[in-house]
Amino acid sequence: MLIPHDTRIALDTVVDLVNTAPESEPPRDDPADGLMGGSKDGLADIAALYAFAERHLISGVGTLGEKDLTAVRDVRARFAEVFAAPDPRTAADLVNRLVAAAGTTPQLTDHDGYDWHVHYFAPDASVADHLAADCGMALAFILVAGEQERLRRCEAPGCGHAFVDLSRNRSRRYCSSRTCGNRLHVAAYRARRKEAAG
């Protein structure tokens, strides 16, 4: 599946956004990894929203306030619904509503040293509308390609992180083979050794 560079960046952004939700965080009650306690909101405050915008190089952010934080959390919840949609028609309806509410205004741009690409948000758009428009159009690209099944949640017990499966044969099961995938393989190995020893 050939995905344009700017669409790939928007897909990475929407996945990261969805995974900032508390219910997307894996439980941290494994003494072996030294992390204890429940999940927390990755957009807990305005400083976290600024950090998210900086991490994803979101242009034209300006001054952010509580209204922006609330609006981005609302967009995040609606994107989570797209990942949970039972069929392409439902997913398309959700994306259409997100993009329409953002006041989409496609325009070509080559800012900050990047080659020509399309921005779908108005030049003075809020950060929430920016995310809804650009990330919504990236998800629209996946739906138009008939690839809704690539919008997944990690199958590792207790994880549930969103990811876009870009593997050739759509076989990816975990958000990360280095963390969730490896953790399950190690657990299975230990269980086999215990059974063999028992």
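Keep in mind that the numbers below use all heavy atoms, side chains included, and drop hydrogens, waters and symmetry copies.
Open room surrounds CG on Asp115; 12 or fewer heavy atoms of other groups in view lie less than 6.0 Å from it. Residue Gln107 places its CD atom among more than 12 non-hydrogen atoms of other residues, nucleotides or ligands, all under 6.0 Å distant. With a 6.0 Å radius and a threshold of 12 heavy atoms from other residues, nucleotides or ligands, Arg55 has its CZ atom above the threshold.
Closest of all the heavy-atom pairs between Gly136 and Phe79 is N-CZ, 3.6 Å. Here the closest non-hydrogen pair linking Cys135 and Ala10 is SG-O, 3.6 Å.
Side-chain contact between Phe121 and Thr105 is absent, with no heavy-atom pair separated by less than 4.5 Å. For the pair Leu98 and Val75, the minimum side-chain heavy-atom distance is below 4.5 Å. For the pair Glu66 and Ile46, the minimum side-chain heavy-atom distance is below 4.5 Å. At a threshold of 4.5 Å between non-hydrogen side-chain atoms, the residues Phe163 and Leu151 do not count as touching. Two residues are said to be in side-chain contact when any heavy atoms from C-beta on lie closer than 4.5 Å; Leu17 and Val72 meet this criterion. Using a 4.5 Å heavy-atom threshold, the side chains of Leu11 and Ile3 count as touching.
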Report, one line per pair, each donor and acceptor closer than 3.5 Å where one atom sits in a side chain of residues 82-90; sequence neighbours left out.
unit_1: Asp87; atom_1: OD1; unit_2: Arg89; atom_2: N; d: 3.1
unit_1: Asp87; atom_1: OD1; unit_2: Thr90; atom_2: N; d: 2.8
unit_1: Asp87; atom_1: OD1; unit_2: Thr90; atom_2: OG1; d: 2.9
unit_1: Asp87; atom_1: OD2; unit_2: Thr90; atom_2: OG1; d: 3.2

Could you list the donor-acceptor pairs under 3.5 angstrom formed by side chains in residues 123-133, with sequence neighbours left out?
unit_1: Ser126; atom_1: OG; unit_2: Asp129; atom_2: N; d: 3.1

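Using a distance-only test at 3.5 Å, with no hydrogens or angles considered, a donor-acceptor pair links the side chain of Arg73 to the main chain of Ala44. Judged by distance alone, the side chain of Asn19 and the main-chain N or O of His161 form no donor-acceptor pair under 3.5 Å. For Thr70 (side chain) and Lys67 (main-chain N/O), no donor-acceptor pair under 3.5 Å exists by modelled atom type. Under a 3.5 Å cut-off, the side chain of Ser59 and the backbone N or O of Leu57 do not form any donor-acceptor pair. In this structure, the side chain of Arg78 does not engage the main chain of Ala80 through any donor-acceptor pair within 3.5 Å.
Here the straight-line distance linking atom CZ of Arg8 with atom CZ of Phe141 works out to 11.5 Å at 0.5 Å rounding. Atom CG in Leu43 sits 3.5 Å away from atom OG1 in Thr20 (nearest 0.5 Å).
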Discussion item. Test salt bridge (Lys or Arg N to Asp or Glu O under 4.0 Å) on Arg150 and Glu147; report intermediate values, then the result.
Written reply: CA-CA 6 Å; Arg150 291 185 183 272; Glu147 302 283 356; 2.9 Å; yes
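A salt bridge links Asp41 with Arg76: the distance from a Lys NZ or Arg NE/NH1/NH2 to an Asp or Glu carboxylate oxygen falls below 4.0 Å. A salt bridge links Asp165 with Arg152: the distance from a Lys NZ or Arg NE/NH1/NH2 to an Asp or Glu carboxylate oxygen falls below 4.0 Å.
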